[in-house]
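Below is one structure, written out as structure tokens; the observations come after it.
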Amino acid sequence: MMTLEQQFAKITARRVDLYSAEELKTRLAKSVAEKKPLRIKMGADPSAPDLHLGHCVALNKLRDFQDCGHTVVFIIGDFTGMIGDPSGKSATRPQLSREKVLENAKSYQDQMFKILDPARTEVHFNSEWFGAMTFDKVIRLSAHVTVAQLLARDDFSKRYAANQPISLVEFLYPLVQAYDSVMVRADVEIGGTDQLFNLLLGREIQKVHGQEPQIVMTMPLLEGLDGVNKMSKSLGNYIAVNDSPKDTFGKTMSVSDDLMWRYFSLVLCMPEEEIAALKAAVASGARHPRDVKDELGRRIVEKFHGAAAGTEASAEFARVFSQNQLPAEMAEVVVPAGKIGILTLMVKAGLAASTSEARRLVQAGAVRVGDDKVSDVRLEIEPENGVVIRSGKRGFAKIRVG
RNA sequence: GGUGGGGUAGCGAAGUGGCCAACCGCAUCAGACUGUAAAUCUGACCUCUAUGAGUUCGAAGGUUCGAAUCCUUCCCCCACCA
């Protein structure tokens, strides 16, 4: 059994904001005294079914709470998902059908239980309460928030100042999220730093409903593979939980040296002292950054795919990229016997999206048949069984004649 | 409802009758260098039966030898005023 101090330390590690430390201590003490786990809320939007490492930052935190005996209350925003959230730019998100939302939610749960303990997780759909909510209640709820309050939110004020559109729906979203907290009687809510406003509004709305306000904790936003923007699906700079071990490892290796420490901390939850020690080892030359990153990649793969997969992905990577050999497995493409143009062949093999692209790749010197570099776009070959077409560093296809 | 501004390739943004498949930036892809690092440099970046052809600049019509550029109608977006 952990002491209160230990719990507090574990629970607040890596966090950015915390409102407030005192409240959290008090409530933890109460929880211990009454032997009643705290309810830790987090919400998610089911519009995209893929979780990525960015989501794992908060999920890891939830897991910390579970390890201390608390209950995670996970809210799937199916109701809001069906309305279509226009957040961010003016592009309104497509509305999702009921079926699609459920399907996404299902896949979501499969992925999140790679980190969370299902025995200590409650899952709710917010359509449970919003589906039946009448409009007079909605209006009454909105009465608790002023436009000035909403405009205080960073991204709203920026967009307003820049004459960029803000949909009324977006204004309503924080309120919706806040009301979720009321409905599940959240003790703590976790989110990314960009969620701070919404989380804090939850406190206000809970007070209005006579509840003790939730404690709010935000987690850092993990930078994506580009090293600049936060990891997100729309920017394509992400490592998905469901990526293959090979991809997960490869993408990890493309993270910059400077950024990899964040991944150690936020994805693997490595304690700060250990990270500091690793950094020191790299700085002194005792360890090569590449090897440290290899370890990072291996451990991330292990987290989602098991120990064997990590070692294997690392070995495969070394084989293909360090030693420039062929991968152990590659896509097979069946082509009819006889002569075929190289461009056509590449498109058929999925190595290029169009013949124009295939042409460019050939002209750039990126294409090989077997070991021979192809430089003539009009080359016709008569492929042999098992010959490998390579396009760039990552494109491989094995040909089968048939 | 009124006034003004606007819709150009993944994004941002030039271009306002021929030199426009459309400057430039970002993103992306490839090559060099490497640790698939990062950074940097170079090239490419609508499609095709490919030194040519075909489709693009919100949509549809029209004027013209010729339109992303001019005209008409329509659709959509934004701000301000009410």
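Letters go in sequence order (proteins before strands), and every chain restarts at 1.
Across all strands shown, B:A50 has no partner, as no Watson-Crick or G-U wobble contact with both distances under 3.5 Å is found. Under the Watson-Crick or G-U wobble criterion, with both distances below 3.5 Å, B:A30 is paired with B:U42. Taking a pair to require two hydrogen-bonding distances under 3.5 Å in either a Watson-Crick or a G-U wobble arrangement, B:U3 pairs with B:A79.
In this structure, A:E23 pairs ionically with A:R203, as a charged nitrogen and a carboxylate oxygen lie closer than 4.0 Å. Here A:K246 does not pair with A:E316 in a salt bridge; the nearest charged N to carboxylate O distance is not below 4.0 Å.
For A:R394 and B:A30, the shortest distance from a side-chain N or O to OP1 or OP2 is below 4.0 Å.
Atom CG of A:D371 is surrounded by 12 or fewer heavy atoms from other residues, nucleotides or ligands within 6.0 Å.
Rounded to whole Å, the C1' atom of B:A59 lies 11 Å from the corresponding atom of B:G7. For the P atoms, the distance linking B:C78 with B:U63 amounts to 35 Å, nearest Å. A distance of about 9 Å separates the C1' atoms of B:C33 and B:C41, rounded to the whole Å.
No donor-acceptor contact under 3.5 Å links the side chain of A:R378 to the base of B:A50. Checked by distance alone, A:D294 brings no side-chain donor or acceptor within 3.5 Å of a matching partner on the base of B:G35. Scanning atom types as modelled, one donor and one acceptor separated by under 3.5 angstrom connect the side chain of A:T355 and the base of B:A50.
Distance from the side chain of A:F317 is smallest for B:U36 among the nucleotides B:G35, B:A30, B:U36. Side chain of A:A366, nearest nucleotide from B:A38, B:G31, B:U36: B:G31.
Under the 3.5 Å distance criterion, with hydrogens and angles disregarded, no donor-acceptor pair is assigned to the side chains of A:D243 and A:T248.
Comparing A:A353 and A:G392, the nucleotide of RNA chain B nearest to each residue sits closer to the 5' end for A:G392.
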